[in-house]
Amino acid sequence: MSEVIAAVDAIDVRFPTSRELDGSDAMNPEPDYSAAYVTIRTSGGAEGFGLAFTVGRGNDVQVTAIRALAPLVVGMPVAEVLGDLRAFSERLTGDSQLRWLGPHKGAIHMAAGAIVNAAWDLYARREGKPLWRLLAEMSPKQLVSLVDFRYLRDALTPEEALDILRRAQPGRERRQKDLLARGYPAYTTTPGWLGYTDEKLVRLAKEAVADGFGLIKLKVGADNSADVRRVALAREAVGADTRIAIDANQAWGVEQAITWLKWLAPYDPYWIEEPTSPDDVLGHAAIRQAVTPIKVATGEHCHNQVMFKQLLQARAIDVLQLDATRVAGVNENIAILLLAAKFGVPVCPHAGGVGLCEMVQHLAMFDYVAVSGSTEGRVIEYVDHLHQHFVDPVAIRDGCYVAPERPGIGARMHPGSVAAYTYPDGPQWNLES
């Protein structure tokens, strides 16, 4: 009998990061970093791992969405799934009834992404390669075949995507060697959580510079006088040569963002991230025009490739921040990387959450080797929380991500961590008892 998908398991795993205010920002003051954790199991005993990232309450909703999609997957031949991962992705995102809950957005779309990423993890493990290498060694035609161009053709055609990939093909081997030797540039958000004291901010900012990071990021948007004070302290701590990005996490309206940024401009912020609603394409364009030379960045809450297309078409952003788990997985993120390359906008992935560093590094590294061919103006976000719970945690050296060499997408968690932090019955959620 042929090997089939035997099960799609989803578990509600939450980490109590709110106890130390790790991850705190203007819109999420007390987050508990959480994972709707997915395991695909085959009848042959193989496994693939993925997750959707949330910040606490609602992780149960995300798990339920994943379980709603599972019947579309269980029983499928593994060879069929891995032989056409575009069709597999479209099966999950295009179900005629469940699609109504999006379409292509929200918990149902993120659920599809978690399962699609788990299928890619299964594929990479089967091939014995890290995801970035698996993708980077595919032919341009194979990569283009993974993308659904239905809503993209007015901005990016399959022929244009093929040209982008073919232009990058001659230097793949050289860039792969460079990546393995040098790593991929990183920046850190670790000093900048909004709930940290001034003293902790200054100490962590200095440590970040000493560790080789050339850019740090601070959360802003709750109180303008506090923002001015904190950004000034950070600038004094790191000096003029280290870039400081700031992140409002959607706290402002358009005019409010423009006004607020005038107060922070004297401290030379490199970019302003999520200055307003993530859905407001024209609002981002207006802010970008008003606050230059401060760059405008967004993407971690961008629903799908169509939203990214519009942000690029409207020249609304200077920095594109894709996320490994917000859209429908690897296939859609390949489309987004190709769009960014077409419009010449650098990709600096979002990774401020559990498992996101482990997963999104593969997308950025694939982009460098096989799509954009550049790390100029590109950095991957890094936070120093929760990596110990992953079987293949990220490694940082001299302010750079070390290219992973073990097979998979990086999402597999230690079984002991899953058991300890399963909500609400895991022992880490019942310490008082």
Check your understanding: Which class fits the ring pair Trp193 and Tyr33: parallel under 30°, tilted 30 to 60°, perpendicular over 60°?
Key ->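 Judged by the thresholds at 30° and 60°, the geometry between Trp193 and Tyr33 is perpendicular.
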
Check your understanding: Going by the angle between their ring planes, with limits at 30° and 60°, are Tyr382 and Phe213 parallel, tilted or perpendicular?
Key ->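 Rings of Tyr382 and Phe213: parallel, as their planes differ by under 30°.
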
Is the shortest distance from a Lys or Arg side-chain nitrogen in [X] or [Y] to a carboxylate oxygen in the other one below 4.0 Å?
X	Y	result
Asp32	Arg14	no
Arg412	Asp121	no
Asp9	Arg41	yes
Glu300	Arg326	no
Asp95	Arg99	no
Glu137	Lys129	yes
Glu207	Arg203	yes

Review point. Does the separation of the ring centres of His414 and His389 fall below 6.0 angstrom?
Key: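 No: the rings miss the under 6.0 Å criterion.
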
**Study point:** Check: Tyr421 ring centroid to Phe15 ring centroid under 6.0 Å
**Key:**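 Yes; Phe15 has its ring centre under 6.0 Å from that of Tyr421.
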
For [X] and [Y], which heavy atoms make the closest approach, and how far apart are they?
X	Y	value
Leu204	Thr190	CD1-O, 3.8 Å
Leu311	Cys302	CD1-SG, 4.0 Å
Leu337	Val371	O-CG1, 4.0 Å

Point to revise | Gln388 atom CD, over 12 foreign heavy atoms within 6.0 Å | key: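 Correct, the count exceeds 12.
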
Would you say [Y] and [X] are linked by a side-chain donor-acceptor pair, where the criterion is simply a distance under 3.5 Å?
X	Y	answer
His303	Asp279	yes
Ser34	Asn59	no
Trp132	Asp367	no
Asn224	Asp227	no
Lys219	Asn249	yes

Review point. Roughly how far apart are Phe49 CZ and Thr39 OG1, rounded to 0.5 Å?
Key: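 Going from the CZ atom of Phe49 to the OG1 atom of Thr39 covers 5.0 Å.
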
Exercise for review: Please assess Tyr187 against Trp271 for the test ring pair (Phe, Tyr, Trp, His ring centres under 6.0 Å), listing each intermediate value before the final yes or no.
Suggested key: CA-CA 13 Å; Tyr187 77 92; Trp271 76 55; 5.3 Å; yes

